[in-house]
Amino acid sequence: MPEVKADRTIDIRGEVCPYTFVKSKLALEELQSGQVLEIVLDHDPAVENVPRSMEADGHRVLSVKKVGKSWRILVRKA
Amino acid sequence: MVGVVAVTVKLFANFREAAGVDKTVVEGAADIASLLKALVAKFGDDLRRNLFDGEKLRDTVNILLNGKSVELHEGLNTKLKDGDVVAIFPPVSGG
Amino acid sequence: MGEPKSPSRSEKAVKKDFFGLTQDQIVRYSRQLILKEVGGRGQRKLMESKVLIVGAGGLGSPAALYLAAAGVGRIGIADSDRVDLSNLQRQVIHSTKSLGMPKAESAKETIQALNPEVEVTTIEERLDSGNALKILKGWDFVIDGSDNFPTKFLINDACVLKDIPFSHAGVLRFIGMTTTVIPHRGPCYRCLIKEAPPPGAVPTCQEAGVLGTVPGVMGAIQATEAIKFLIGAGNLLVGRVLYFDALNLRFDQFELKRNPRCPSCGDKPLIRDLSQVDYGTFCRVRQNARGKG
């Protein structure tokens with residue numbers, strides 16, 4: 001299956017909650033509806049919190065993958 | 001035959017305190033002056049003192065008819081019709 | 001005192017990401033950034049906005065504090081008084097150590113301690129019909145925190161003439177009232193009250209007292225309206241008058257309509273110029289003033 005291409009990537013490794021999702025929300029706000037945001041983070045609790053808050057806002061979480069010591073989350077803007 | 005004119009009156013601040021209610025319906029008042037008389041008859045002297053200085057309406061009585069100041073209509077002679085809503089409030093200017 | 005200008009951006013490295021907000025700004029404003037009605041776009045609007053507060057008293061104090069906390073870019077404080085001990089029961093932007101200071105200066109110090117990003121313009125003048133248009137010019141929104149009828153009518157008439165949105169409020173004892181005016185798009189203060197009651201008819205807070213929290217609540221509502229207007233969120237208190245009764249803890253409201261015969265914002269306004277109004281006592285339009293057809 002072809003990989004979804006991100007329209008924008010934010011690397012927020014080192015950032016902790018709640019700023020992981022504050023920054024994710026800000027980055028998503030700058031995208032157009034239907035575009036995809038890639039979030040790279042390494043704060044473990046954020047792996048659940050960020051997708052949950054994105055979905056609560058109506059966006060679609062496409063994937064959550066562990067890459068080495070960090071996580072890669074793909075979200076499509078509603 | 002003309003139906004009875006029923007007007008809803010909303011009272012604020014000291015007028016509410018004096019009347020003891022925040023809202024009332026008055027029937028049969030043709031204009032603002034007779035509406036005020038009917039309110040005094042219904043709620044008594046305390047409300048009369050808040051509304052009138054002797055015979056004169058106090059300067060601190062603001063009356064809106066359906067959202068518009070009666071001063072910009074015909075004042076106390078402003079006619080009422082069935083279903084009208086009147087608000088009576090004092091101005092406050094402190095800051 | 002010059003024309004208010006846009007706030008300067010923080011010197012810190014501004015990344016392209018996150019609406020150009022610095023790390024500190026993201027943290028400072030995080031609780032409102034995550035509100036979808038605010039977000040990065042709304043925050044930028046606030047940071048680029050200019051709000052004038054007339055009167056750094058019971059209403060102006062909380063209004064100024066909340067607007068500063070929210071990150072409004074420039075706040076103007078117009079007040080010609082000095083801080084008096086009897087002010088401190090409700091004018092929470094001042095403190096015991098600022099007794100005797102000009103209120104505008106005292107407010108500026110508190111605002112900058114709270115949020116150094118906010119630029120503050122102090123105007124140590126009493127608003128009158130001669131300086132009102134000059135002082136009100138260039139602001140996006142005005143908060144009427146004045147404590148007397150003449151200034152309230154003056155702010156209304158000047159803002160209607162210059163099309164400046166403003167929040168009106170007044171307090172006494174346990175009562176507060178407020179409404180928001182967007183000139184020509186809704187009613188104005190003169191649609192509500194044609195002219196001022198005679199001096200002495202309505203007691204002042206000095207004579208009749210006021211519970212400090214009453215202007216606190218009303219000033220916070222005024223700041224809320226300013227923020228909503230600036231970011232374009234929600235429904236403003238336009239065409240509605242909100243009454244707050246602290247003693248019985250009730251909020252009530254009634255409808256207010258724009259009056260086509262209003263001397264200020266009506267279809268044929270009598271007030272074309274502030275010199276046409278006698279702001280000394282009744283705020284009445286002078287006899288020789290005529291509406292222009």
Q. Can you say whether Arg190(C) sits under 4.5 Å from chain B via the side chain, the backbone, both, or neither, judging by heavy atoms?
A. backbone
Q: Could you check which of Asn259(C), Thr204(C), Asp245(C) has the highest count of heavy-atom pairs closer than 4.5 Å to chain B?
A: Asn259(C)
Q) When heavy-atom pairs shorter than 4.5 Å are enumerated against chain B, which of Ile193(C), Ile175(C), Leu172(C) gives the highest number? A) Ile193(C)
Q: Flag yes if more than 12 heavy atoms outside Tyr66(C) fall under 6.0 Å of its OH atom; otherwise flag no.
A: no
Q.
Does any backbone or side-chain atom of Asn148(C) lie under 4.5 Å from a heavy atom of chain B? Answer side chain, backbone, both or neither.
A. backbone
Q | Whether over 12 other heavy atoms sit under 6.0 Å from Glu207(C) CD | A | yes
Q. Would one find more than 12 heavy atoms of other residues, nucleotides or ligands at under 6.0 Å from atom NZ of Lys37(B)?
A. no
Q) Do you know which of Ala208(C), Gly219(C), Pro198(C) has the most heavy-atom pairs under 4.5 Å to chain B? A) Pro198(C)
Q.
Looking at Asn235(C), I'd like to know if its CG atom is crowded, meaning that more than 12 non-hydrogen atoms belonging to other residues, nucleotides or ligands lie closer than 6.0 Å.
A. no
Q: Can you tell which part of Asp144(C) gets under 4.5 Å to a heavy atom of chain B, answering side chain, backbone, both or neither?
A: neither
**Q.** Straight-line distance of Glu17(B) CD to Phe174(C) CZ, nearest 0.5 Å
**A.** 10.0 Å
**Q.** Lys42(B) NZ: over 12 foreign heavy atoms closer than 6.0 Å
**A.** yes
**Q.** Partner chain B: residue of Gly60(C), Gly145(C), Ser146(C) with the largest heavy-atom pair count (under 4.5 Å)
**A.** Ser146(C)
Q: Select all residues of residues 63-93 of chain B having any heavy atom within less than 4.5 Å of some heavy atom of chain C, and report them by number, or 'none'.
A: Leu64(B), Asn66(B), Gly67(B), Lys68(B), Ser69(B), Glu71(B), Leu72(B), His73(B), Glu74(B), Ala87(B), Phe89(B), Pro90(B), Pro91(B), Val92(B), Ser93(B)
Q) Which bit of Val210(C) comes within less than 4.5 Å of chain B, counting heavy atoms only: side chain, backbone, both or neither? A) neither
Q.
Quick check for you: to the nearest 0.5 Å, what is the distance between Arg16(B) atom CZ and Asp252(C) atom CG?
A. 4.5 Å
Q | Contacting moiety of Gln253(C), where chain B heavy atoms sit under 4.5 Å | A | backbone
Q | Heavy-atom side-chain contact between Arg250(C) and Asp22(B) under 4.5 Å | A | yes
Q. Given that the side chain runs from C-beta out, which part of Phe149(C) has a heavy atom under 4.5 Å from chain B: side chain, backbone, both or neither?
A. both
Q) Roughly how far, to the nearest 0.5 Å, is CD of Glu195(C) from CG of Asp59(B)? A) 9.5 Å
